[in-house]
Amino acid sequence: MSRPERQLTTPDPMAPVVLFFDTEYTQRDSTHCAPISLALVARDTGDELYLVLEEGWTPQDCSDFVRTTVLPQLHALDPLVCTAAGALTAIETFIARQRSDPWQPVQLASDWPTDWDMLMRLPPDPQQWAAEHSIQPALMHHLIDRPDAIQAFNRARDHYLANLPADGATGHHHARIDARALYNAWHTTFHTGD
């Protein structure tokens, strides 16, 4: 995967750590769906975490779309296969590595609000877990508050998804690919690696 080169700068220790974030889940009906996989890509480092949950869902729980599009590529790109508790531990460890200060806030930036909802199904007490780890959701269009930049970002994301390297995943609707698309679109739109 080609990534824009990053400039080395001294980060503000209290500016939020931004992690691009995507999930895949069993079906669109949010009252009956469950998370299947999750990926994070750090905006400033490009570090990645990709998880597949081994519990809480079965193929029979999935919509036809998920069975034909998501599940065949689910185990591509070396996921960490884990329980919900294991996923939370992996996420906490990943976040700790991205912070320059243990109290530095974290924004999980996604392009769809359901991604946050799916993550919040993992902790026993979601609000307490998010508060304890200073994690908040952020929709991409809130991070990019100019319409022209949102359009450029969407074009860059779509271009990335249409030109994927051959690495075992077919593309869109794979959590790691979709999180990488957000990362690449951000750096392409805002030229943060030039």
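All residue numbers in this chain count up from 1 along the given sequence.
Residues satisfying the ring pair (Phe, Tyr, Trp, His ring centres under 6.0 Å) criterion with F21, sequence neighbours excluded, are absent altogether. Q60 pairs by the side-chain contact (heavy atoms from CB on, under 4.5 Å) definition with T58, not counting sequence neighbours. Here F153 pairs with nothing under the ring pair (Phe, Tyr, Trp, His ring centres under 6.0 Å) rule; sequence neighbours left out. Taking the side-chain hydrogen bond (donor to acceptor under 3.5 Å, both in side chains) definition, one finds that T114 meets it with W112, sequence neighbours left out. Evaluation of the side-chain contact (heavy atoms from CB on, under 4.5 Å) rule for N163 yields H159 as partners, not counting sequence neighbours. Judged as a side-chain contact (heavy atoms from CB on, under 4.5 Å), and not counting sequence neighbours, the contacts of L139 are S110, P113, H141, H142. Remark: S37 engages no residue in a side-chain hydrogen bond (donor to acceptor under 3.5 Å, both in side chains) (not counting sequence neighbours).
Here side chain to side chain donor-acceptor pair (under 3.5 Å) pairs that include residues 81-96, with residues two or more places apart or in two chains, are E92-W129, E92-H133. Applying the ring-ring contact (aromatic ring centres under 6.0 Å, His included) test to pairs two or more places apart or on separate chains, none has a residue in residues 22-44. Legend: salt bridge (charged side-chain N to carboxylate O under 4.0 Å, His left out) pairs involving residues 62-74, not counting sequence neighbours, sorted by first then second residue: D64-R67. Applying the salt bridge (charged side-chain N to carboxylate O under 4.0 Å, His left out) test to residues at least two apart or on different chains, the pairs with a partner in residues 138-161 are D111-R157, R146-D148. The list of ring-ring contact (aromatic ring centres under 6.0 Å, His included) pairs with a residue in residues 55-76, not counting sequence neighbours, reads F65-H173.
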Q: Could you please spell out the steps behind the side chain to side chain contact (heavy atoms under 4.5 Å, CB included) verdict for L74 and E24?
A: CA-CA 9 Å; L74 186 62; E24 298 300 334; 5.5 Å; no
Q: Begin with the C-alpha distance, continue with both residues' side-chain angles, and end with the deciding distance and a verdict on side-chain hydrogen bond (donor to acceptor under 3.5 Å, both in side chains) for D115 and T23.
A: CA-CA 5 Å; D115 293 318; T23 63; 2.7 Å; yes
Q: Decide side chain to side chain contact (heavy atoms under 4.5 Å, CB included) for Q107 and V17; before the verdict, give the C-alpha distance in whole Å, the side-chain angles of both, and the deciding distance to 0.1 Å.
A: CA-CA 6 Å; Q107 289 183 324; V17 171; over 6 Å; no
(Q) Apply side chain to side chain contact (heavy atoms under 4.5 Å, CB included) to residues I36 and C62 and explain how you reach the verdict. (A) CA-CA 10 Å; I36 296 173; C62 298; 4.0 Å; yes
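With R176 contributing its side chain and L77 its backbone, the two residues share a donor-acceptor pair below 3.5 Å. Q104 contributes a side-chain N or O that, together with a main-chain N or O of A15, makes up a donor-acceptor pair within less than 3.5 Å.
Using bins of under 30°, 30° to 60° and over 60° for the plane-to-plane angle, the ring pair Y50/H174 lands in the tilted bin.
In terms of hydrophobic clustering, with Ile, Leu, Val, Met, Phe, Trp and Tyr side chains grouped at heavy-atom distances under 4.5 Å, L19 and L51 are assigned to a common cluster. Tracing side-chain contacts under 4.5 Å through hydrophobic residues (I, L, V, M, F, W, Y), one reaches L38 starting from L108; they form part of the same cluster. In terms of hydrophobic clustering, with Ile, Leu, Val, Met, Phe, Trp and Tyr side chains grouped at heavy-atom distances under 4.5 Å, M120 and L122 are assigned to a common cluster.
Of all the heavy atoms in A84 and E55, the pair that sits closest is N-OE2, 2.9 Å. Pairing each heavy atom of F20 with each of M140, the nearest pair is CE2-CE, 3.6 Å. Heavy atoms only, all atoms of each residue included: Q27 and D61 are closest at NE2-O, 3.0 Å.
Put simply, the side chain of Y160 does not reach to within 4.5 Å of the side chain of T188, judged on heavy atoms.
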